[in-house]
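Inspection log for the structure reproduced underneath, given as C-alpha cells.
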Amino acid sequence: PAPIQPSSPTPTHTTNPTSTQTATPAPTSTPAPTHTFTPVPTYEILRGKVLPERANCRYGPGWMYLYKYGLVGGSNLEVIGRTDRGYWVLIQAIGGSNPCWVKAELMELTGDVMSLPPLEVDVVQAWSPYYAPLTNVTARRDGDIVTVSFAPLARRAGDETIPILYVVEAWVCQDGEFGFVPYGSNFTYIEVLDEPGCEQESYGQALAAEKHGYTWPVEVIWP
C-alpha cells in the first residue's frame, strides 16, 4: 500500500492584540520669563574749545596734581572723559594720544559734559620709579572733618621742586552728594570734609609727589 504522507500542520495565525493608545496630554507651555534689562549707558566723545588765553593741563583732575602741559586759548580738542561729577574733563589733541585733565569750566563743550564716560582719576597718572609708598598712614574723625596723617617722604635734592608734595584722593559726602574730591598739602596731614547724608561709604587714598611722578597710593582706613 502507498505510504501514508504526513499531513502538513495547519498554520496557526496569532492575532496581534489591538494596541490601546494612551493619549499624551499636550504639553502646557510655560510663559517665557520676563527679564528686566538695565540699559547700558551710551557715552560720547565731544569737542571742546579752550576758553582762557592759557590753561594748565594736569596728570590728575585737580589743581594740586603735577602739571603735564599747557593749552592755548581757542584750541579745539577732543574731550574723551570726565570725573564722576563732571568737574574735570580729560582732553587730547584731535586724533592724539597724550591726554591730560583740565577743569571743565575752562572748556566750551559741544555737548553735555555728563554724556562723556566717567573715568578713573589715575587714568593718565605718572608713577615715580624712585620712591616707595607713604608710611604710617592714619585717619581720625572730629565731627565732619577727617584728618589723614602720614610720615614725611624724604626726597632727593631737586625732586622736591614741585608745588604740592602730598595728595589725598577722597570719595566722600559733601552737600548731600557723594563723589570724588582731591586735597593737596605740603604738610604731613590733610583735612577732608566728609558729611552725613549719603548712602555710600566714604573712602580714600594718600600719595606723595616728586618731580618724576607719584608714589603708589596707600588706602586710608576711613573712620
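Keep in mind it's a predicted model, so treat the numbers as computed, not measured.
Contact annotation: the side chain of Leu119 never approaches that of Arg82 to less than 4.5 Å [non-hydrogen atoms, C-beta and beyond]. Tyr65 is listed as a side-chain neighbour of Gln125, based on a closest heavy-atom distance under 4.5 Å. Within the 4.5 Å cutoff, no side-chain heavy atoms of Tyr203 are placed close to those of Glu169. Side-chain contact between Trp88 and Pro182: absent, with no pair of heavy atoms (C-beta onward) separated by less than 4.5 Å. When side chains are defined from C-beta on, Pro163 does not count as touching Trp63, because their heavy atoms never get closer than 4.5 Å. Put simply, the side chain of Trp222 reaches to within 4.5 Å of the side chain of Val172, judged on heavy atoms. With contacts defined as side-chain heavy-atom distances shorter than 4.5 Å, the pair Thr147/Ile190 does not qualify. Annotation: side chain of Ser149 is not in contact with side chain of Val137 (no heavy-atom distance under 4.5 Å).
At most 12 heavy atoms of other shown residues, nucleotides or ligands fall within 6.0 angstrom of atom CD in Glu120. Atom CD of Gln200 has more than 12 heavy atoms from other residues, nucleotides or ligands within 6.0 Å. Heavy-atom contacts from other residues, nucleotides or ligands closer than 6.0 Å to OH of Tyr189 number 12 or fewer. Around atom CG of Asp142, no more than 12 heavy atoms belonging to other residues, nucleotides or ligands sit under 6.0 Å away. The environment of CZ in Phe187 is sparse: at most 12 heavy-atom neighbours from other residues, nucleotides or ligands sit within 6.0 Å. Heavy-atom contacts from other residues, nucleotides or ligands closer than 6.0 Å to CZ of Arg140 number 12 or fewer.
Considering Val89, Ile91, Val123 in turn, Val123 is the only one that fulfils the side chain to side chain contact (heavy atoms under 4.5 Å, CB included) rule with Trp101. Residue Ser128 is tested with Lys211, His212, Glu210 for a side chain to side chain donor-acceptor pair (under 3.5 Å); the sole match is Glu210.
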* Is there a side chain to side chain contact (heavy atoms under 4.5 Å, CB included) between Val218 and Gln205 once you walk through the steps? -> CA-CA 5 Å; Val218 176; Gln205 55 190 23; over 6 Å; no

* For Glu177 and Arg85, what are the C-alpha separation, side-chain angles and deciding distance, and is it a side chain to side chain contact (heavy atoms under 4.5 Å, CB included)? -> CA-CA 9 Å; Glu177 186 177 3; Arg85 292 188 284 186; 3.0 Å; yes

* To do: Begin with the C-alpha distance, continue with both residues' side-chain angles, and end with the deciding distance and a verdict on side chain to side chain contact (heavy atoms under 4.5 Å, CB included) for Tyr131 and Leu153.
  => CA-CA 8 Å; Tyr131 295 91; Leu153 179 70; 4.2 Å; yes

* To do: Go through Asn98 and Lys68 one step at a time and tell me if the side-chain hydrogen bond (donor to acceptor under 3.5 Å, both in side chains) criterion holds.
  => CA-CA 10 Å; Asn98 187 25; Lys68 190 172 185 181; 2.9 Å; yes

* To do: Under the side chain to side chain contact (heavy atoms under 4.5 Å, CB included) rule, what do Arg54 and Val72 come out as? Steps first, then yes or no, please.
  => CA-CA 5 Å; Arg54 298 280 179 182; Val72 178; 3.5 Å; yes

* To do: For Glu78 and Gln92, run side-chain hydrogen bond (donor to acceptor under 3.5 Å, both in side chains): C-alpha distance rounded to whole Å, both residues' side-chain angles, the deciding distance at 0.1 Å, then the answer.
  => CA-CA 5 Å; Glu78 286 181 345; Gln92 65 183 13; 2.9 Å; yes

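Both tests pass for Arg155 against the ring of Tyr166: distance under 6.0 Å to the centre and angle within 45° of the axis. For Arg156 and Tyr130, the positive end sits near the middle of the six-membered ring, less than 6.0 Å away and at most 45° from its axis.
Asn186 places a side-chain N or O within donor-acceptor distance of the main-chain N or O of Leu165, the cut-off being under 3.5 Å. Arg141 contributes a side-chain N or O that, together with a main-chain N or O of Gly143, makes up a donor-acceptor pair within less than 3.5 Å.
In terms of the side chain to side chain donor-acceptor pair (under 3.5 Å) criterion, residue partners of Ser202 (sequence neighbours excluded) are, by chain and number, Asp194.
Expressed to the nearest 0.5 Å, how far CG of Leu207 lies from CG of Asp122 amounts to 9.5 Å.
Between Trp171 and Phe180, the ring centre distance stays below 6.0 Å.
Asn56 and Tyr69 share no donor-acceptor pair across their side chains, judged by distance under 3.5 Å alone.
When hydrophobic clusters are built by joining Ile, Leu, Val, Met, Phe, Trp and Tyr residues whose side-chain heavy atoms come closer than 4.5 Å, directly or via intermediates, Met64 is grouped together with Leu66.
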